[in-house]
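First comes the structure, then the notes that go with it.
In each ligand, atom 1 is the first atom listed, and ligand 1 is the first ligand listed. Atoms considered below: every heavy atom in the structure, side chains included; atoms not considered: hydrogens, waters and symmetry mates.
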Amino acid sequence: MFDLIIRRARLSDGSLSDIAVREDKIAAVGSVAGDARREWDLAGRVWLSAGWIDSHVHCYPKSPIYHDEADRIGVATGVTTVIDAGSTGADQVDDFYQLTRGCDTRVLALLNIARSGIETQNELADMSRIDGAAVQAALRRLPQFIVGLKARISSSVVESNGIRPLERAKTLQQENGGLPLMVHIGNAPPDLDQIAGLLGRGDIITHCYNGKPNRILTPAGELRASVQQALARGVRLDVGHGSASFSFAVAQAAIARGILPHTISSDIYCRNRLHGPVRSLAHVMSKFLNIGMTLPQVIDCVTAHAADGLRLQGRGRLQPGMDADLTLFDLRSEPCLFTDADGETLNGERQLVPLAAVVGGQIFFTEQGEHSDDFCL
Ligand code: ZN
Ligand code: ZN
């Protein structure tokens, strides 16, 4: 006896599958025989994937600059796991942890190497804020919650410190078991060549398609040699769209050259959710559907690849034994206007519309899911 069987769900490759859930785990996938307390037949009309994981968000409610509520950017938009990227450092991470225990969305954190987190925009302008003992103690207190480190390495954040905060971040990473390190890039200094040169296997460059002069492409539109070498070493690219860090021109040129993101993330917070250009993870994913990526590629970027990048055990794949985290969505063919972080627009024709999130077997409908005719369950 299962708790839930979802029948004839359409997977990202177009095939149909049943998914059975027992307690908080996926119990069977494929053609499922047996009964369940609750059964839905989607008749191939609704798409389903492993639960969407947004690798870069901001949802510490007390952050003075980038704040939001986890469930608004999570289950309300089909996202089952969000990873806050450095809103908090060692000084606030316990408070952040406590504040998000009641959320329906799974909330995890990348710890800012500055103990102050993003309390001000220039958290790495003062090297004394990088406190190795405080980082280590926070990791020891919250080993399940903190999945890695975050360092924002652009001129307005590091000011005159240049590359030094990143050198410290790499040391902290090594001192703490080689956990994932996400590095925000933006305006120089430091130059991206210098940043890329320090990164190794598993490190994550976020804001990878930003349109600033210090971007991954040369003025001639080629991939910088330093980034190419970093990718060859196993460095990962994360989108981190945000308010100022995603350019259609850069993303299109990169994708045309086969430089796909490993993970698609939103860098969402209250302001860019309400006023754009981010809106939701689904909206950011839709942009990639309209600039040359396939649906399976886009879905992998928020499921299996996201789980791999942040080493989330038991998530990101539709397999028995995994957490019963699922996203149900619609793929609509309709004209849609998209805007990047530089104010450029793109006319698209395909749009992902999240209908429901399942977290550990518990179902949360989105607003569109509640009102969708395709989704009469
Ligand atoms: Zn950033
Ligand atoms: Zn961010």
Side-chain angles (χ1 to χ4, degrees), residues 53-70 72-74 79 81-89 92-93 96 107-114 116-125 146-159 165-166 169 180-190 192 195-196 199 203-216 236-247 250-251 261 263-273 275-281 283-284 302 306 309-310 340-342:
I53 299 165
D54 194 337
S55 299
H56 181 163
V57 308
H58 293 279
C59 61
Y60 176 43
K62 292 190 200 164
S63 170
I65 307 174
Y66 304 116
H67 53 85
D68 213 333
E69 287 166 51
R72 285 187 189 271
I73 59 176
V79 177
T81 299
V82 295
I83 292 91
D84 180 279
S87 302
T88 59
Q92 316 93 340
V93 72
F96 180 32
V107 181
L108 299 167
L110 293 166
L111 185 73
N112 198 309
I113 61 164
S116 59
I118 312 179
E119 218 164 56
T120 60
Q121 281 284 15
N122 61 346
E123 75 267 16
L124 296 175
I146 302 172
V147 297
L149 300 175
K150 173 81 187 288
R152 300 202 307 150
I153 308 297
S154 57
S155 62
S156 58
V157 182
V158 302
E159 295 187 350
L166 182 58
L181 169 65
M182 181 183 278
V183 177
H184 138 134
I185 60 169
N187 286 317
L192 180 55
I195 296 171
L199 302 182
D203 291 338
I204 300 161
I205 292 175
T206 191
H207 308 315
C208 67
Y209 299 138
N210 79 74
K212 296 163 188 170
N214 197 30
R215 60 191 176 205
I216 63 169
R236 303 172 71 89
L237 298 180
D238 174 62
V239 170
H241 186 305
S243 305
S245 300
F246 177 75
S247 153
V250 172
T263 46
I264 295 176
S265 67
S266 63
D267 191 12
I268 198 167
Y269 61 102
C270 173
R271 207 166 53 227
N272 68 27
R273 167 169 61 81
H275 305 297
V278 175
R279 308 257 172 227
S280 68
L281 180 63
H283 191 68
V284 175
V302 299
L310 294 162
D340 71 8
D342 298 332

List the residues meeting salt bridge (Lys or Arg N to Asp or Glu O under 4.0 Å) with Arg152, not counting sequence neighbours, and say none if there are none.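 Result, salt bridge (Lys or Arg N to Asp or Glu O under 4.0 Å) vs Arg152: Glu123.
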List in chain and number order the residues that pass salt bridge (Lys or Arg N to Asp or Glu O under 4.0 Å) with Glu159, two or more places apart in sequence or in another chain; answer none if no residue qualifies.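 Partners of Glu159 by the salt bridge (Lys or Arg N to Asp or Glu O under 4.0 Å) criterion come out as none, since no residue qualifies.
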Aromatic ring pairing Tyr66/His58, orientation class (parallel under 30°, perpendicular over 60°, tilted between):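 Tilted: the ring planes of Tyr66 and His58 meet at 30° to 60°.
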Check whether any side-chain heavy atom of Asn210 sits under 4.5 Å from a side-chain heavy atom of Val250, and report yes or no.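 No, every pair of side-chain atoms sits at 4.5 Å or beyond.
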Given Cys208 and Arg236, is the side-chain contact (heavy atoms from CB on, under 4.5 Å) satisfied, shown in steps? CA-CA 9 Å; Cys208 67; Arg236 303 172 71 89; over 6 Å; no
Apply side chain to side chain donor-acceptor pair (under 3.5 Å) to Thr206 and list each qualifying residue two or more places apart in sequence or on a separate chain.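 Side chain to side chain donor-acceptor pair (under 3.5 Å) list for Thr206, sorted by chain: His56, Asp238.
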Using a distance threshold of 2.8 Å, what protein N/O/S atoms lie below it relative to the Zn ion (ligand 2)?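 Only His56 NE2, His58 NE2, Asp267 OD1 fall inside 2.8 Å of the Zn ion (ligand 2).
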